[in-house]
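Have a look at the structure below before the remarks.
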Amino acid sequence: MARLHLISSPNVSSLTTGSNLWARKLSLNTVYFQSTLGCHGSKASKHNIKAEIQYNPLRFQQSAFNHHYKSIERGATSEETNKIYVVKADSVPSSESESEASNSKSIVESVKDFMAVLYQFIYPYALYGRTSVAISASLVAVERLSDISPLFFIGLLQALLPHLFMDLYVNGVNQVFDFEIDKINKPYLPLASGKISFRSCALIVALSAILGLGLNLMIGSPALISNFVLSVILWTCYSVNLPFLRWKQYPVAASLLMFVCWTCIIPISYFLHMQTFVLKRPVAFTRSFIVFLLFMSFYSTGIALSKDIPDVEGDIKHGVDSFAARLGQKKVFWISVFLYEMAFGVAFLAGASSSSPFWIKFVTCLGNVVLGSILWYQTKYVDVTNPASGRSFYSLNWKLMMGAHVLLPLIR
């Protein structure tokens with residue numbers, strides 16, 4: 001006769017006690033079957049055993065887990081074999097959930113990589129510099145503290161959003177037409193390094209122009225629309241390699257363009273946007289705004305000259321006749337330093353002679369002295385023949401300009 005015994009093993013009992021959660025999910029943790037079958041068992045008895053196993057209330061349920069069966073032999077003889085079957089459940093994610101998680105992670109990583117490339121593509125220092133000009137010129141238009149209201153911040157946001165697309169266009173179109181030069185001068189840029197394709201770069205440039213103009217038209221500020229259109233036209237003429245264009249290869253035209261953009265178009269447009277469109281006041285160039293323009297006239301000329309110092313090798317090879325290539329890097333470097341210091345000197349004198357309270361005079365004067373001193377101190381560490389050193393100093397110039405933009409609105 002063949003008999004079927006359900007035995008509670010101590011090992012499995014302890015397993016069950018320590019894993020109550022597994023028991024709820026699987027309907028049982030472990031089932032032990034000890035079958036002692038005679039060599040001459042009848043067919044009827046075998047049928048009874050099969051039926052008992054089939055209709056056992058502890059039968060296995062379908063689960064999302066993979067089951068592994070471990071067979072442990074217990075003293076097998078010629079007459080009988082004792083085996084213990086232990087159910088071992090491992091939680092393995094289904095292929096569908098694995099695929100979804102992988103796709104989600106891949107999308108997140110792709111977005112992160114694209115944003116990192118876009119950040120490099122936009123020239124961060126130029127973005128921060130233009131943003132600081134926009135904020136500072138808008139604050140110069142403020143005449144009393146009550147002007148700094150939700151309306152002011154809405155107007156500032158109207159100025160900054162299209163400005164972001166303008167930066168993308170200006171820097172992008174320059175990279176498209178300076179592709180071969182950047183391989184020598186700036187191989188770290190996204191297009192020159194191959195992080196972004198030429199087609200993608202051209203698409204970003206085109207979309208930036210369309211979206212920037214569209215946003216400005218939706219806002220409806222004449223000053224912002226004029227700023228965007230004029231900037232796009234001038235920087236296109238600066239970069240595009242077509243007859244009568246490519247103004248960057250003519251040193252006077254290139255410097256004049258930067259002077260006009262940074263001293264006139266950008267600050268005046270943001271000032272007028274805030275004064276006339278947001279605050280609804282008549283056009284009036286205040287003393288503080290005139291000081292702002294004087295500061296930018298010296299500083300933007302210095303930037304226009306010093307930007308080409310690290311790029312002499314590539315410019316000479318591709319026929320770009322910059323002042324640094326024509327006059328020499330060292331001479332242009334010291335001319336730029338002189339112009340920067342003149343800008344800080346103008347701000348210092350304006351702050352000292354302003355009608356502001358004493359503490360504001362003290363802050364503006366001391367701040368410009370500190371900025372000018374930092375600039376002068378750093379000149380001794382600059383090697384103009386080393387492109388990395390020249391670019392580091394050029395980046396410092398933008399940071400110092402942003403510091404000055406914090407102080408300029410305080411001068412009244």
Side-chain angles (χ1 to χ4, degrees), residues 121-131 133-134 162-186 189-192 198 201-202 204-210 212-213 216 225-269 296-297 299-327 332 336 339 390-391 394 397-398 401:
F121 184 80
I122 204 171
Y123 291 172
Y125 63 84
L127 171 65
Y128 298 150
R130 286 191 183 94
T131 301
V133 170
H163 159 93
L164 175 64
F165 290 107
M166 184 176 72
D167 277 339
L168 273 171
Y169 176 82
V170 168
N171 297 317
V173 76
N174 187 59
Q175 289 183 54
V176 167
F177 288 95
D178 278 6
F179 178 64
E180 295 298 331
I181 299 177
D182 287 339
K183 285 183 178 179
I184 300 171
N185 293 337
K186 301 168 184 174
L189 289 176
L191 184 59
F198 194 89
C201 184
I204 291 171
V205 169
L207 286 175
S208 298
I210 294 168
L213 182 59
N216 278 312
I225 295 171
S226 302
N227 174 30
F228 188 87
V229 172
L230 287 173
S231 295
V232 165
I233 291 172
L234 289 175
W235 286 107
T236 300
C237 294
Y238 176 85
S239 300
V240 173
N241 194 6
L242 291 174
F244 306 108
L245 301 181
R246 190 70 171 167
W247 293 353
K248 69 175 296 176
Q249 62 188 331
Y250 310 112
V252 176
S255 299
L256 188 60
L257 184 147
M258 287 200 71
F259 176 85
V260 169
C261 282
W262 284 97
T263 304
C264 303
I265 295 175
I266 294 176
I268 291 177
S269 61
M296 288 304 301
S297 65
Y299 212 95
S300 63
T301 306
I303 286 178
L305 295 176
S306 62
K307 76 178 183 63
D308 295 321
I309 292 174
D311 300 337
V312 167
E313 181 185 352
D315 288 348
I316 291 174
K317 186 174 181 179
H318 289 273
V320 177
D321 187 24
S322 64
F323 277 117
R326 179 183 293 185
L327 302 177
V332 171
S336 300
L339 290 168
R391 277 192 285 271
Y394 183 64
N397 297 335
W398 285 87
M401 183 183 73

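These values consider heavy atoms only, across backbone and side chains, with no hydrogens, waters or symmetry-generated copies. Bear in mind the structure is a predicted one, so any value in this text is a computation, not a measurement.
By the 4.5 Å heavy-atom criterion applied to side chains, F165 and Y169 are not counted as neighbours. Using a 4.5 Å cut-off on side-chain heavy atoms (C-beta onward), D311 and R391 make contact. Within the 4.5 Å cutoff, the side chain of V170 has no heavy atoms near those of the N174 side chain. I309 places none of its side-chain heavy atoms less than 4.5 Å from the side chain of Y394. Between S322 and K307 the shortest side-chain heavy-atom distance does not fall below 4.5 Å. With contacts defined as side-chain heavy-atom distances shorter than 4.5 Å, the pair N397/S306 qualifies. In this structure the side chain of L164 never reaches within 4.5 angstrom of the side chain of T131, judged on heavy atoms. Counting heavy atoms from C-beta outward, S255 and L305 have side chains that approach closer than 4.5 Å.
R326 and P251 get closest at one heavy-atom pair: NH2-CG, 3.7 Å. Of all non-hydrogen atoms in T236 and V232, the two that sit nearest each other are OG1-O, 2.5 Å. C201 and G172 make their closest contact through SG-O, 4.2 Å (heavy atoms, listed as atom of the first residue, atom of the second, distance). Heavy-atom minimum distance, T263 versus S297: OG1-CA, 3.4 Å. Taking each heavy atom of S300 and W262 in turn, the nearest pair found is CB-CB, 3.5 Å. The two atoms that bring G302 and S336 nearest to each other are O-OG, 3.4 Å, heavy atoms only.
Looking at residues two or more places apart in sequence or on another chain, you find a side chain to side chain contact (heavy atoms under 4.5 Å, CB included) between L327 and F323, K331, V332.
Using modelled atom types, no side-chain atom of R246 and backbone atom of V240 make a donor-acceptor pair closer than 3.5 Å.
In this structure, N227 CG and H163 NE2 are separated by 9.0 Å, a value rounded to the nearest 0.5 Å. Note that the CZ atom of F228 and the CD1 atom of I233 stand 10.5 Å from one another [nearest 0.5 Å]. Distance check, rounded to the nearest 0.5 Å: CG of N216 to CE of M166 gives 9.0 Å. The CD1 atom of I303 sits 6.5 Å away from the CE atom of M296 when rounded to the nearest 0.5 Å. In this structure, the separation between CG on L213 and CD1 on I225 is 7.5 Å, given to the nearest 0.5 Å. Taken to the nearest 0.5 Å, the CG atom of L230 stands 5.0 Å off from the CD1 atom of I265.
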W235/Y238 under ring pair (Phe, Tyr, Trp, His ring centres under 6.0 Å): CA gap, chis, key distance, verdict: CA-CA 5 Å; W235 286 107; Y238 176 85; 5.0 Å; yes

